[in-house]
Amino acid sequence: MSSDAVILDPRSGMQALIDALDTAGYRVLGPVLRDGVIVYDDVVSESAMPTGVRVEQGAGRWRVFQDARPERFSWTPGADSWKRFVFPARSEVLRIRRTDGSWTTGQPAAPDRPLALLGARDCEVRALGVLDTVMLGPNHPDARYAQRRADAFVVAVTCGEPSSTCWCTSMGGGPQPHDGFDLRITELSDHAGHRLLVQPGSDRGEQIMAVLPGSDAHNADIDSAAHVVQRSVDRLPVRLPGAELPALLAGSELHPHWDDVAARCLSCSNCTMVCPTCFCSSFSDHTSLDNDEAFRTQEWASCFQLDHSYLGGRPVRATTAQRYRQWLTHKLQTWTAQMGTTGCVGCGRCTTWCPAGIDIIEEARAVIGSQMVAARLQPVDVYVHPR
Amino acid sequence: MQIVPYRVVSRVVVGPATVTLGLVPVAQACVTAAPGQFMMVWCFGIGEIPISVSGIVNGGVIEITVRAVGATSAAIVDAGVADVLGMRGPYGTAWPMGAVVGRDVIVMAGGLGLAPLRLAIESMVSGRAGQRSLTLLIGAREPAQVLYAEQLPAWRSAGADVRVTVDVGDSAWHGPVGTATAVFERMSVRADVAFVCGPEMMMVSAAQALVRAGMSPAQVFVSMERNMHCGIGHCGRCQLGPLMLCRDGAVVPWEMVSELVQVSGR
Amino acid sequence: MSGPTVAIWKFASCDGCQLTVLDCEDELLAIAAALDIRMFLEAGPAQMLDHYDISLVEGSITTAHDVERIRDVRARSGLLITLGACATAGGIQALRNTADIDACRSNVYARPEWLDTLATSTPIAAHVQVDHELRGCPIAKTELLATITALLAQRRMPISAYSVCVECKLAGNPCVLVAHGTACLGPVTHAGCAALCPSLGRGCFGCFGPSESVNLDGLRSAFGEIDVSDDVLVHLLRTFNTEAPEFSEASNRYRAAGPEGTTRRDP
């Protein structure tokens, strides 16, 4: 017996979890299949969450398939990430009203309910940690972000069905989150049936777990979960030596391959917009028509936009080759010196959601020397929908 | 993010479309800034730009020197005494004044680059900084664009070796013509520490010349600029390789950027 | 009335951009209070002044008379801002530029000899200096308001020259190209529309014209991966902004590379 883990029914237990979080005052956000993609949105009913959904991901390609199977987490995440909720795509950060001779400042209201993030994978939990280092830096922490993150209840999920674009194990992660969550779900499906193993990662998590209608987990359940993890690890070959990338990429600035990528790159910004750690933003000032009120908005921006690097009226990074180089080397090389963490969690979104199908792994390999890395390449066994 | 209202208390035209404004907070306590740090300066509804602090006078009046080049800087230059501007800051790193104590110091400025150096220079000519000697090389496009020209005699009489060079002289100009770097290379000045500020090309050529003359790249300091858009390390726009210049700069030792600036588009 | 004097002019166009001005329903009273609109035939005012502080110009230049008139408008205007795909790139009517104008004329009109037209439809900037351009077919109300408020505050007028993809991701839309295999010009198209078509599950038609950084050969390869033919791509490029230089150069090259097809697949 293991009293620090419970077994939940995949449907009624999930509903009980949603209800418990709602009762505890959280706005519960979870996966929803909409218009052919998995997005994160408010969930009130477990039936709104995917069941029997599988996805096929490749460079520039995402397809979703649904069948009668009962699995709740047999999919991998889509373009959407939890970043949208802790760091909104657009927000007002300042409102200033002209008064006689000066002005008064209004601050935007704080979010009304704390967030519960239901279904965060290891890459996503780590991505939130990476964002934290940027947004909560010691000198100028973002107070609104800090509040949202401190309050957020994270329900993590072990990945049982990695995609071919997943490469978390290269970037210091793996299919199972080890910290940064309040509860962790591992979906089990074996001779003992289909069930969810729930384990706490915090005091908050234990409090919620205590009210769930689960039975205590047995050692066999823990063993089954370890099997799920191992099966996923076997399907997640190390595709790049993550920790060595800053050193390997040093000196790659003048590699001719950047021009090769630039011929394919659309400079459309999709890779950066779907990246769960990309934090670049633009602040812009607006005014009312009577010009008595000014307000400032913050909006996700991208190093692929020309005005990102404007200096003296001209972009420093004028060419696509320069902008792609900036993006890749920031993610895999300079971020480490800048922030003290890696900038990439290996989620594969940039590869899947690139309309031109540019694979960051292939491009990194090309500039750091293919032979050195090719030896580490292993075959990938991932879900491909039968045709 | 908070923008603090500051009232303009003085305005001096210091060159073509260039003014020095003195600002004090409308309601809040004065802030202080270290030499080389910058403020984000906001004009109601128009925009916000980074501007180095060029002086702190009368117990807290912050001075900024601005040239009108875009909508926001033009609006700031147009601001009159009693107008209100917004400011946040100060942000960024400072000239390492501790490094000049007992040393021979050379300061090289190009154009408006003299403004971010002014607090450091004043600290040295006033005797507070404790340097052994100060050589100041000022480059400007033309004689009319030499910043703070009225202050130079005072700096000279305080013991600084001040030399001014212009790209293009006029009939009244009797000084050297050419870049500050060229003037430096014709001199036989020895220095332990250098502060350099100006357009990037000017700083690169000056820093390279200083190192060629035997200075340590760790003792040559430059004020690097990229798109300082938020000032607080959140927007990601001021990256220069591993640096975020609003946080790790603007003032950095040359050894930190000498290779980075060799690659165009970084 | 106060504020800068404004004229809104129409050249060859459908009036859709002018209607977008009137579509600012919640803001119309504030606009009327902030701007002194003296010339706006679509809405009523028709005062011919020697000088307007701001001229907003809709439509393209398609007649000899237009050529004279736009010069006159320019001479009367402080700032000249063009509105929409016709004024910024010649519009749909610029399809004539690669066709036989006499054949078009006699195919469409019963008495073609009554028609006085140029062989080309050209953007305003091909004739006079333009100070700012608003893209789109029609322009976006949000961009128009952002331009007006920027002018009133003397702020730099904003331009969203990056791709429509950015707006799709801001909105949280699924990518119709990657997830549905739908032909979409979003990756090469100038933002500003808030990703209107992809938000409704359709591919982008490129009505805001080329973005700041266009790689059409790259998009063509991406289309190849989802089995979208050159025909479809060329049709998409030759619609609202057919004469925008990046679109026209690429569409001419792709058309030259293969025989013109007869079928059109909707994006």
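We name chains A, B, ... by the order of the sequence lines, and we start the count at 1 in each one.
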Most contacts with chain A, counted as non-hydrogen pairs under 4.5 angstrom, among C:Cys175, C:Ala222, C:Ala161, C:Pro174: C:Pro174
Atom pair CG (A:Asn270) and SG (C:Cys168), whose distance is rounded to the nearest 0.5 Å: 8.0 Å
Most chain C-contacting option - heavy-atom pairs closer than 4.5 Å, from A:Asp80, A:Asp35, A:Ile38: A:Asp35
C:Ile31, part contacting chain A, at a heavy-atom distance under 4.5 Å: both
Contact winner vs chain C - A:Ala263, A:Gly36, A:Gly357, heavy-atom pairs under 4.5 Å: A:Ala263
Engaged part of A:Ala294 at the chain C interface, taking heavy atoms whose separation is under 4.5 Å: neither
Most chain C-contacting option - heavy-atom pairs closer than 4.5 Å, from A:Glu299, A:Arg323, A:Arg84: A:Arg84
Residue pair C:Pro187 / A:Leu266: nearest heavy atoms and the distance that separates them: CB-CD1, 3.5 Å
Pairs of heavy atoms under 4.5 Å with chain C: top-ranked of A:Ser269, A:Cys268, A:Ala301: A:Cys268
Under 3.5 Å donor-acceptor, A:Asn291 side chain and C:Thr149 backbone: no
Best-contacting candidate, C:Leu152, C:Ile148, C:Val214, C:Val164, against chain A by heavy atom pairs under 4.5 angstrom: C:Leu152
Verdict with reasoning, C:Ser213 to A:Thr320, per side-chain contact (heavy atoms from CB on, under 4.5 Å): CA-CA 8 Å; C:Ser213 179; A:Thr320 297; 3.7 Å; yes
Chain C contact via A:Arg264 - which portion, at a heavy-atom distance below 4.5 Å: backbone
Minimum heavy-atom distance between C:Lys169 and A:Val274, given as atom pair plus value: CE-CG1, 3.3 Å
Pairs of heavy atoms under 4.5 Å with chain C: top-ranked of A:Phe304, A:Tyr40, A:Trp300: A:Trp300
Chain C interface, residue from A:Pro88, A:Cys265, A:Ala79 that has the most non-hydrogen pairs under 4.5 Å: A:Cys265
Chain C contact via A:Ser288 - side chain, backbone, both or neither, heavy atoms under 4.5 Å: backbone
A:Gly60 backbone acceptor or donor facing C:Glu225 side chain under 3.5 Å: no
Closest approach of C:Glu212 to A:Gln305 (non-hydrogen atoms, all atoms of both residues): OE2-CA, 3.4 Å
Greatest number of heavy atom pairs closer than 4.5 Å to chain A - which of C:Cys165, C:Pro158, C:Ala179, C:Ala30: C:Ala179
Shortest non-hydrogen contact between A:Thr287 and C:Ala153, atoms and distance: OG1-CB, 3.7 Å
CG (C:Leu29) with more than 12 external heavy atoms under 6.0 Å: no
Option in C:Gly172, C:Ala171, C:Ala34 with maximal non-hydrogen atom pairs under 4.5 Å from chain A: C:Gly172
A:Met273 to C:Val166 - nearest heavy-atom pair and separation: CE-CG1, 3.6 Å
Winner by heavy-atom pair count (cut-off under 4.5 Å) against chain A, out of C:Asn215, C:Val178, C:Leu177, C:Thr189: C:Val178
C:Gln154 CD: over 12 foreign heavy atoms closer than 6.0 Å: no
C:Ala146 versus chain A, the contacting section by heavy-atom distance below 4.5 Å: neither
More than 12 heavy atoms from other groups under 6.0 Å of CZ on C:Arg156: no
